[in-house]
Structures are given as structure tokens and as C-alpha cells.
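Here the structure is laid out as C-alpha cells; the discussion comes afterwards.
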Amino acid sequence: MSDRLICICNGVTEKELQTAILKKGATTMDDLKSLTYVSTGCGRCSSRAMEVLDRELRNKEVDPQQKLGF
Ligand code: FES
């Protein structure tokens, strides 16, 4: 997990978004906003936050055995 800063306004890192998605069940931007306050200021970070959300949800849905072709 990365400590890359995603939201400057609220000091939200990529790692915090990943934790919200993987451990707290966030599946939408509204979930991420409620849990981390990402994108609740100027909104300029919304596309970066969406990228993290899409990537983490895609990775989460893939069963590791499917990934290996079993
Ligand atoms: S950078 Fe995230 S709300 Fe401004």
C-alpha cells in the first residue's frame, strides 16, 4: 500500500482509501467520502480517488485461484 497523498485538502493517502475499500467495505465514492473525507473539499482529487476505487474493487473481486487459472 502506498502513502501517496491523494487528497491535499483533507490529507487523505492512497493507503487510507485502500483500507476503507478492503477493510471497511467501501464500494462507492460516497462510501469513501463518508469514511475518509476524500474529495469533500475542492474536488480536484475525485478522479484519482475513483482510479484507486476502481483498481481496488477489481483486484478484490478476482479470486486468487482464478487468477492462476485453476
Ligand atoms: S484535493 Fe481532495 S478535496 Fe481538494
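Note that the structure is a prediction, hence the values are computed from the model and not measured. Counting convention: from 1, in listed order, for ligands and their atoms alike.
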Let me know which protein residues bring a heavy atom to under 4.0 Å of ligand 1; chain then number is fine for ordering. Cys7, Ile8, Cys9, Ser39, Thr40, Gly41, Cys42, Gly43, Cys45
Given the options Leu17, Val52, Thr13, Val38 meets side-chain contact (heavy atoms from CB on, under 4.5 Å) only with Leu17
Apply side-chain hydrogen bond (donor to acceptor under 3.5 Å, both in side chains) to Ser34 and list each qualifying residue two or more places apart in sequence or on a separate chain. none
Would you check if Arg55 and Gln18 make a side-chain contact, meaning some heavy-atom pair closer than 4.5 Å? yes
Checking Arg4 now: which residues fulfil salt bridge (charged side-chain N to carboxylate O under 4.0 Å, His left out) with it, not counting sequence neighbours? Glu14
Partner set under side chain to side chain contact (heavy atoms under 4.5 Å, CB included) for Leu35, not counting sequence neighbours: Ala20, Lys24, Ala26
Step by step, work out the side-chain hydrogen bond (donor to acceptor under 3.5 Å, both in side chains) result for Glu16 and Thr19. CA-CA 5 Å; Glu16 289 174 286; Thr19 298; over 6 Å; no
